[in-house]
Amino acid sequence: MKAEFILKVAIPPFIIFAFLVWLTAENYISGWVMYLLWVIGFVVANIIVTKISTRWSIQRMREKRAKEEKNNDKSN
């Protein structure tokens, strides 16, 4: 995997959870609000990672198809 891809996947959840940890540690959030924000944080982080992964996979598939078409054109 490319380092760029790994950074794009790892940094957004890290920022989200670092912020949530800070809010929780400083007692700015507690109780049900804390649980709700953590669940929302997990959902948002998963959506971001899925979106980035999907774009990367689609891009790889398009590049692979383009190479295959190029090779087929050369052989004909």
Side-chain angles (χ1 to χ4, degrees):
M1 291 189 141
K2 294 182 179 180
E4 176 186 337
F5 173 72
I6 293 171
L7 287 175
K8 284 182 181 179
V9 168
I11 289 177
F14 178 77
I15 291 170
I16 290 169
F17 294 121
F19 182 68
L20 288 172
V21 167
W22 176 75
L23 287 175
T24 305
E26 293 294 321
N27 292 323
Y28 289 123
I29 59 173
S30 63
W32 289 105
V33 174
M34 178 182 69
Y35 294 130
L36 183 64
L37 288 178
W38 276 90
V39 168
I40 291 170
F42 276 108
V43 169
V44 170
N46 282 324
I47 289 171
I48 291 170
V49 169
T50 302
K51 187 175 179 180
I52 292 170
S53 299
T54 304
R55 281 185 187 172
W56 190 70
S57 294
I58 290 171
Q59 182 181 359
R60 276 190 20 224
M61 287 179 9
R62 285 180 181 162
E63 290 172 358
K64 186 177 177 181
R65 286 181 187 162
K67 285 180 185 178
E68 288 175 356
E69 288 177 3
K70 198 175 195 182
N71 289 338
N72 287 338
D73 289 343
K74 286 182 180 180
S75 63
N76 289 333

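Note that the coordinates shown come from a computational prediction; the quantities given were computed from them, not determined experimentally. The figures here come from the full heavy-atom set of this structure, side chains too, leaving out hydrogens, waters and symmetry mates.
If you chain together hydrophobic residues whose side chains sit under 4.5 Å apart, Phe42 and Ile52 fall into the same group. When hydrophobic clusters are built by joining Ile, Leu, Val, Met, Phe, Trp and Tyr residues whose side-chain heavy atoms come closer than 4.5 Å, directly or via intermediates, Val21 is not grouped with Ile11. Linking Ile, Leu, Val, Met, Phe, Trp and Tyr residues whenever their side-chain heavy atoms come within less than 4.5 Å leaves Leu23 and Ile15 in two separate clusters. Connection of Val33 to Val39 is not established within any shared hydrophobic cluster, with ILVMFWY side chains joined at heavy-atom distances below 4.5 Å, either directly or through further cluster members. Put simply, Phe14 and Ile6 are part of two different groups of oily side chains (I, L, V, M, F, W, Y) that touch within less than 4.5 Å, one to the next.
Under the 30°/60° scheme for interplanar angles, the aromatic rings of Trp32 and Tyr35 are found to stand perpendicular.
Of all non-hydrogen atoms in Leu7 and Pro12, the two that sit nearest each other are O-CD, 4.2 Å.
The distance from the CD1 atom of Ile58 to the CZ atom of Arg55 is 9.5 Å, given to the nearest 0.5 Å. Here the CE-CZ distance, from Met61 to Arg65, works out to 4.5 Å after rounding to the nearest 0.5 Å.
Looking at Trp22 and Ile29, their side chains never come closer than 4.5 Å, going by heavy atoms from C-beta outward. Proximity of Trp56 to Val9: side-chain heavy atoms (C-beta onward) are nowhere separated by under 4.5 Å.
Salt-bridge check for Glu4 with Lys8: passed, with a basic side-chain N closer than 4.0 Å to an acidic carboxylate O.
The environment of CZ in Phe17 is crowded: more than 12 heavy-atom neighbours from other residues, nucleotides or ligands sit within 6.0 Å.
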Hey, mind stepping through Trp38 and Ile16 against side chain to side chain contact (heavy atoms under 4.5 Å, CB included) and telling me if it holds?
CA-CA 9 Å; Trp38 276 90; Ile16 290 169; over 6 Å; no
